[in-house]
Amino acid sequence: MVLAALNLAEGVQIVSFGLLGLIMLVGALGVVLLSNIVYSAFLLALVFISISGLYILLNAGFVAAAQVLIYVGAVNVLILFGIMLVNKDEDFVAVKNSWVSKVATGAVCAGLFGLLTTMVVSHPWEISGLPAAGDKAIEVIGQHFFSDYLLPFELASVLLLIALVGAIILARREYVPDTAIPTEEALTLPEKPRELVAAGSRDDSL
Amino acid sequence: MQLEYFLILAAALFCIGIYGLVSSRNVIRVLMSIELMLNAVNLNLMGFSNYLDPVNIRGQVFSVFVITIAAAESAVGLAIVLSIYRNRDTVDMEQFNLLKW
C-alpha cells in the first residue's frame, strides 16, 4: 500500500514535470520566434507561471510565490507597458545575408545545449539523501537573509533604490516650457473678485 | 525525478534565450530573451538547492537575489529603450549604432 502510494506520487510528479516542461519550452520558443510581439509577451507570462510550477515541484513554495508576484506581476506588466509605449508598426529593413547569422546562432545554441547535456549526464552528482526543508524553507531563507547574507540583502535594497531613480531619470521626458510664467501670476490662486462688504455697518437710524 | 532532468530543461531554456538574444531585431524581444536566460539560471539554482543542499537551502536564497536583480534590470532596460526610441524613432537593433565608430 505504501509502495503503491509512493509510486502514485512519483508518477504524478513525473507527469506534471513533463507537462510543465513542455509548456515552458513551447512558450519560450513562441517568445523567441513569433512575429507579433504582444503574443510573445503573453507567452512570456505562461513561461514564468510554468517555471513557478517547476519550483513547487522542487519543494520551494516561497520562491514560486515570489516568481509569480515579481515576474508575472511586475516584470511582465512592465514589458507590456513598454510594448504599448513604443508601439510602432515598422517593417524592419532586411539585412543582407541575415540567414547566415541565424543559422550560425542556431548551430552555436545547439552545440552549447549538447555540451551542457553531456556534462550534466556524465558528471557524478553527489545527491544528498537528507529530507528537504519543505515548508520550513521560508524560515531558513529568513535566517540566511539576516545572518550570513545580510550584506547582499542590504546591497540589493540599495540597488533597487538606484534602479528606481535611474529608470525615472532615463525615461523622463525633458519638457521645458517655452514661455516663462511670471511669478506673481504663478503664485496666486485664480479666484473671482469679491464684493467688499463693510464690516460692522449698522443702520444708525435704529 | 532526478536532478539531471531539471538541469537539461534549464539548459534548453538557456539556449533558446541565447538564440533570441542574438537573432531577434526588436529591442523588447531582446529584453524578454534576457529574462528567459535569467529564469534558466534560477531553475538551475533551485535544482541544486533541492537535490544537493536540501537542509540549508542556499540556492533559494541566491535565486531570490537573482529575481531582485532581474526586476531592477528590466526596469532600467525598458527606460533605456524608451529613451532611445524617443531619439531614434525606431526599435530596430540594427539601427542602434550610437556607440559604433
Side-chain angles (χ1 to χ4, degrees), chain A residues 13-14 17 21 24-25 28-29 31-32 37 40 44 47 51 54-55 58-60 63 66-67 70 74-75 78-79 82-83 85-86 88 90 92 95 101-102 105-106 109 112-113 116-117 120-121 125-128 130-133 137 140-141 144-145 149 152 156 159-160 163 166-167 170-171, chain B residues 1 3-9 11-20 22-26 28-29 31-33 35-36 39 42-43 46-47 49-58 60-61 63-65 67-72 74-76 78-83 85 90-92 94:
Chain A
Q13 272 190 357
I14 286 181
F17 173 79
M24 191 191 83
L25 287 183
L29 283 174
V31 168
V32 172
I37 197 162
S40 298
L44 191 68
V47 172
I51 286 175
L54 287 173
Y55 289 170
L58 286 169
N59 299 314
V63 186
Q67 166 95 6
I70 296 174
V75 172
L78 200 65
I79 285 176
I83 290 172
L85 284 173
V86 298
K88 187 182 183 192
E90 59 173 339
F92 295 136
V95 177
S101 76
K102 282 194 175 162
T105 314
C109 289
L112 183 65
F113 177 65
L116 286 173
T117 308
V120 163
V121 171
W125 299 105
E126 297 174 5
I127 303 288
S128 167
L130 295 170
V140 181
I141 291 173
H144 277 306
F145 274 155
Y149 292 102
L159 179 104
L160 278 178
L170 278 174
Chain B
M1 296 306 292
L3 175 62
E4 285 88 347
Y5 298 160
F6 284 96
L7 295 187
I8 290 171
L9 196 65
L13 189 63
F14 190 77
C15 292
I16 292 173
I18 289 182
Y19 180 78
V22 176
S23 74
S24 62
R25 293 187 60 183
N26 198 327
I28 310 247
R29 204 187 293 273
L31 283 180
M32 288 196 230
S33 305
E35 298 295 330
L36 285 183
N39 268 290
N42 265 347
L43 198 56
M46 302 292 279
S49 158
N50 189 38
Y51 287 100
L52 306 182
D53 185 23
V55 177
N56 40 20
I57 34 177
R58 296 193 194 90
Q60 296 194 20
V61 178
S63 63
V64 170
F65 283 133
I67 288 175
T68 314
I69 304 297
S74 146
V76 176
L78 274 171
I80 291 174
V81 167
L82 270 181
S83 132
Y85 175 72
T90 180
V91 285
D92 188 2
E94 300 288 338

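Naming: A, B, ... by sequence-line order, numbering from 1 per chain.
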Under a 4.5 Å cutoff for heavy-atom pairs, which residue among Thr68(B), Asp92(B), Ile8(B), Val76(B) has the most contacts with chain A?
Asp92(B)
So Val86(A) and Ile28(B), side-chain contact (heavy atoms from CB on, under 4.5 Å) or not? Walk me through it.
CA-CA 9 Å; Val86(A) 298; Ile28(B) 310 247; 3.7 Å; yes
Quick one: does Glu4(B)'s side chain get under 4.5 Å of Trp125(A)'s, heavy atoms only?
yes
Could you tell me which portion of Leu13(B) (side chain, backbone, both or neither) has an atom closer than 4.5 angstrom to a non-hydrogen atom of chain A?
both
Centroid-centroid under 6.0 Å between Phe145(A) and Phe65(B) rings:
yes
So which residue, Ala72(B), Gly20(B), Ser83(B), Pro54(B), ends up with the most heavy-atom pairs under 4.5 Å with chain A?
Pro54(B)
Shorter than 4.5 Å, heavy atoms on both sides: which option in Val32(A), Val120(A), Leu58(A) has the most such pairs with chain B?
Leu58(A)
Any side-chain heavy-atom pair from Tyr5(B) and Ile14(A) closer than 4.5 angstrom?
no
Where do Ala75(B) and Ala167(A) come nearest, in terms of heavy atoms and distance?
O-CB, 4.0 Å
Is it the backbone or the side chain of Leu116(A) that comes under 4.5 Å from a heavy atom of chain B, or both, or neither?
side chain
Looking at Ile67(B), Val22(B), Val81(B), which one has more heavy-atom pairs under 4.5 Å with chain A than the rest?
Ile67(B)
Between Tyr55(A) and Met46(B) the two heavy atoms that sit nearest each other are CE2-CG, 3.5 Å
Atom pair CD1/CG of Ile127(A) and Leu3(B) - distance to nearest 0.5 Å:
5.0 Å
To the nearest 0.5 Å, how far apart are CG in Leu78(B) and CG in Leu78(A)?
5.0 Å
Just so I understand: if I count every heavy-atom pair under 4.5 Å between each of Ser63(B), Ala71(B), Ser33(B), Ser74(B) and chain A, which residue has the most?
Ser74(B)
Can you tell me how far apart CG (Leu29(A)) and CD1 (Ile16(B)) are? Round to the nearest 0.5 Å.
4.0 Å
Interatomic spacing from CD1 in Ile18(B) to OG1 in Thr105(A) - rounded to 0.5 Å:
10.0 Å
What pairs with Asn39(B) under side chain to side chain donor-acceptor pair (under 3.5 Å), at least two apart in sequence or on another chain?
Gln67(A)
Just give me the residue among Ala28(A), Gly82(A), Gly21(A) that pairs up with chain B most often, heavy atom to heavy atom, under 4.5 Å.
Ala28(A)
Relative to chain B, which segment of Val47(A) carries a heavy atom at a distance below 4.5 Å: side chain, backbone, both, or neither?
side chain
Are any of the side-chain heavy atoms of Val63(A) and Val64(B) separated by less than 4.5 Å?
yes
For residues Ile57(B) and Asn59(A), determine if any side-chain heavy atom of one lies less than 4.5 Å from a side-chain heavy atom of the other.
no
Who passes ring pair (Phe, Tyr, Trp, His ring centres under 6.0 Å) against Tyr85(B), sequence neighbours left out?
none
Bottom line for Ser24(B): the part with an atom under 4.5 Å from chain A's heavy atoms is neither
Can you tell me which portion of Val140(A) sits under 4.5 Å from chain B's heavy atoms? Options are side chain, backbone, both or neither.
side chain
Contact class of Ala74(A) relative to chain B, heavy atoms under 4.5 angstrom
neither
Just how far is it from atom OG of Ser40(A) to atom CE of Met32(B), taken to the nearest 0.5 Å?
5.0 Å
Contact winner vs chain A - Leu82(B), Leu31(B), Ile69(B), heavy-atom pairs under 4.5 Å
Leu82(B)
Less than 4.5 Å to any heavy atom of chain A: does that hold for the side chain of Gln60(B), its backbone, both, or neither?
both
Straight-line distance of Ile51(A) CD1 to Asn42(B) CG, nearest 0.5 Å:
8.0 Å
Proximal component of Ile70(A), with respect to chain B [non-hydrogen, under 4.5 Å]:
side chain
Please walk me through it: do Leu44(A) and Leu36(B) pass side-chain contact (heavy atoms from CB on, under 4.5 Å)?
CA-CA 8 Å; Leu44(A) 191 68; Leu36(B) 285 183; 3.9 Å; yes
Quick check on Ser49(B) against chain A: is it the side chain, the backbone, both or neither that has a heavy atom closer than 4.5 Å?
neither
